[in-house]
Amino acid sequence: MAISQTQVSIGRNMAMELVRVTETAAIAAARHMGMGDKELVDQAAVDAMRFTLGSISMDGVVVIGEGEKDEAPMLYIGEYIGDGLPPQVDIAVDPIDGTTLLSKGLPGAIAALALSARGTMNVPQQLAYVNKIAVGKDAKDVIDINASVETNLKNVARAMRRKVEEVTVVVLDRPRHEQLLADIRATGARVKLITDGDVAAGIHAALPESGVDVLMGIGGTTEGVLTAAAIRCIDGAIQCKAWPRNDEEREAAADAGLDLEKVYTTEDLVGGDDVFFAATGASSGDLLKGVRFFAEGAQTQSLVMRSRSGTLRWIDSIHDFSRLDKGSYQEDQQ
């Protein structure tokens, strides 16, 4: 997808509208926490997210969603959402980042949504996975995904005025990361392993004083774009590079004219001046508290960001189901 160099400014703060969407998705999905059914968790979040997104005044198109139209009845790539009035925007959704986590009752699942001006989200759809490195503001100018792990961590430590042994790296716990973990440990850096949810992990690495300093490793391409949208708002940096799983993906990328050696920067993934991001905790984790239910209501915690102002808002909300449209929260009527 080509990125236009002449984007129309989005005047209003749409992040405050998007948080309603992530709240409804998190609440709907959290009703099924620990039941062991990740498809049920995902479907509940998708239904709630699509319902609430449809109420926002915009001319939106989904560029990151649940797959192609024949794979998903809603929030599919290319689906138009809104009333068709300006602004024209790209939408990236992850109804639940960490469906496995939530289905097992584990911490760290979030509902996430990003929005930017039309034509500014660059998603290499032919690549399911990319190699990633993400950091916060202090180290944003010193990372290089083509450099060695040792070089990157030494540069990050120097930029953050720390010893390498005081730098914490978050990595997905996967067999493909065996060598990466060995390289990180050889530098003396600290390691934090996660089982799922690298959108939340990437945001956490870019936030100041979070206890995590760097995200490294191979993860989903679409998750990389969502992470880039959040990082645009907090002035950090992410770099991604193609990681084809097999010859079929390599050939598909070549047929599409993709350069497998290209390094995608934060601005390559999400450009323009107007980027909005919202996330709501579904199960409590390091980034956000999860949904807590009480009689006729629930409490949520969300993170809302806007790139133009650089404002971050942590929003604690009380939802009174007796006053709200229960359909919008996908309340179980059985």
Side-chain angles (χ1 to χ4, degrees), residues 15 17-56 60 62-69 71-77 79 81 91-115 195-201 203 220 222-223 225-227 229-230 276-285 287-293 297-304 315 317 319 321 324-334:
E17 300 172 68
L18 300 183
V19 72
R20 293 174 39 246
V21 180
T22 57
E23 286 173 345
T24 57
I27 290 171
R31 293 184 180 280
H32 309 292
M33 186 176 79
M35 296 180 65
D37 189 338
K38 60 182 293 186
E39 284 74 25
L40 180 62
V41 163
D42 185 61
Q43 191 60 59
V46 168
D47 290 346
M49 184 170 277
R50 180 61 182 85
F51 181 92
T52 314
L53 261 177
S55 69
I56 297 177
V62 176
V63 298
I64 292 176
E66 293 294 284
E68 301 298 330
K69 186 174 182 179
E71 300 170 352
M74 60 179 69
L75 293 182
Y76 57 84
I77 297 169
E79 181 180 9
I81 296 177
I91 301 169
V93 302
D94 196 341
I96 292 293
D97 175 44
T99 53
T100 298
L101 296 175
L102 190 57
S103 69
K104 292 182 177 180
L106 296 172
I110 65 171
L113 174 62
L115 182 149
T195 58
D196 289 282
D198 67 341
V199 174
I203 297 169
T222 55
E223 288 85 351
V225 178
L226 266 164
T227 304
F276 304 88
F277 181 88
T280 300
S283 59
S284 292
L287 183 65
L288 291 164
K289 295 178 182 177
V291 177
R292 286 145 288 166
F293 291 101
Q299 185 172 0
T300 59
Q301 185 177 61
S302 303
L303 174 60
V304 181
I315 300 177
S317 302
H319 308 270
F321 296 155
L324 294 166
D325 174 7
K326 294 183 179 182
S328 70
Y329 283 84
Q330 297 294 300
E331 185 154 40
D332 188 356
Q333 300 297 321
Q334 297 182 352

Give me the atom names and distance for the closest heavy-atom approach of A200 to G108. CB-O, 4.4 Å

Taking the side chain as everything from C-beta on, heavy atoms only, tell me whether I64 gets closer than 4.5 Å to I77. no

Looking at G281 and A26, what are the two nearest heavy atoms and their distance? O-CB, 3.7 Å

Report yes or no: does S283 contribute a side-chain atom to a donor-acceptor pair with the main-chain N or O of A109 at less than 3.5 Å? yes

To the nearest 0.5 angstrom, please state how far the OG atom of S302 sits from the CG atom of L113. 11.0 Å

Side chains of E66 and P95, heavy atoms from C-beta outward: is any pair under 4.5 Å? yes

Go through the steps for D42 and K38 under the test side-chain contact (heavy atoms from CB on, under 4.5 Å), then give the verdict. CA-CA 6 Å; D42 185 61; K38 60 182 293 186; over 6 Å; no

Any donor-acceptor pair under 3.5 Å from S284 side chain to G290 backbone: yes

V93: which of L53, L226, L18 passes side-chain contact (heavy atoms from CB on, under 4.5 Å): L53

Heavy atoms, side chains only, cut-off 4.5 Å: are L287 and L303 in contact? yes

Spacing of CG belonging to L40 relative to CE belonging to M35, to within rounding of 0.5 Å: 6.0 Å

Taking all atoms of both residues into account, what is the closest heavy-atom pair of P107 and G285, and its distance? CB-CA, 4.2 Å

Any donor and acceptor pair, going by atom type alone, linking the side chain of T52 with main-chain N or O of M49 inside 3.5 Å? no

Say whether, by atom type as modelled, one donor and one acceptor occur between the side chain of T99 and the main chain of I96 under 3.5 angstrom. no

d(I27 CD1, R292 CZ) to nearest 0.5 Å is 11.0 Å

How many angstroms lie between CD in E223 and CG in D97, if you round to the nearest 0.5 Å? 6.5 Å

Smallest heavy-atom separation, V291 atom then A298 atom, equals CG1-CB, 4.1 Å

Under 3.5 Å, is there a donor on one side chain and an acceptor on the other for H32 and S103? no

Any non-hydrogen side-chain atom of F293 less than 4.5 Å from a side-chain atom of R31? yes

Can you tell me which residue among L75, T24, V21 is in a side-chain contact (heavy atoms from CB on, under 4.5 Å) with R50? L75

Between V63 and I91, is there a side-chain heavy-atom distance shorter than 4.5 Å? no

M33 CE to L106 CG distance, which is reported to the nearest 0.5 Å: 9.5 Å

Please determine whether side-chain contact (heavy atoms from CB on, under 4.5 Å) holds for the pair V46 and Q43, giving the CA-CA distance in whole Å, both sets of side-chain angles, and the decisive distance to 0.1 Å. CA-CA 5 Å; V46 168; Q43 191 60 59; 4.3 Å; yes

Compare all side-chain heavy atoms of I203 with those of F277 and state whether any distance is below 4.5 angstrom. yes

Test item: T227 and D198 side chains (from C-beta on) under 4.5 Å apart, heavy atoms: no

Just checking, any donor-acceptor pair under 3.5 angstrom between side chains of S317 and E23? yes

Is there a side-chain contact between M74 and D47 (heavy atoms, below 4.5 Å)? yes

To the nearest 0.5 Å, what is the distance between CG on D94 and OG1 on T22? 12.0 Å

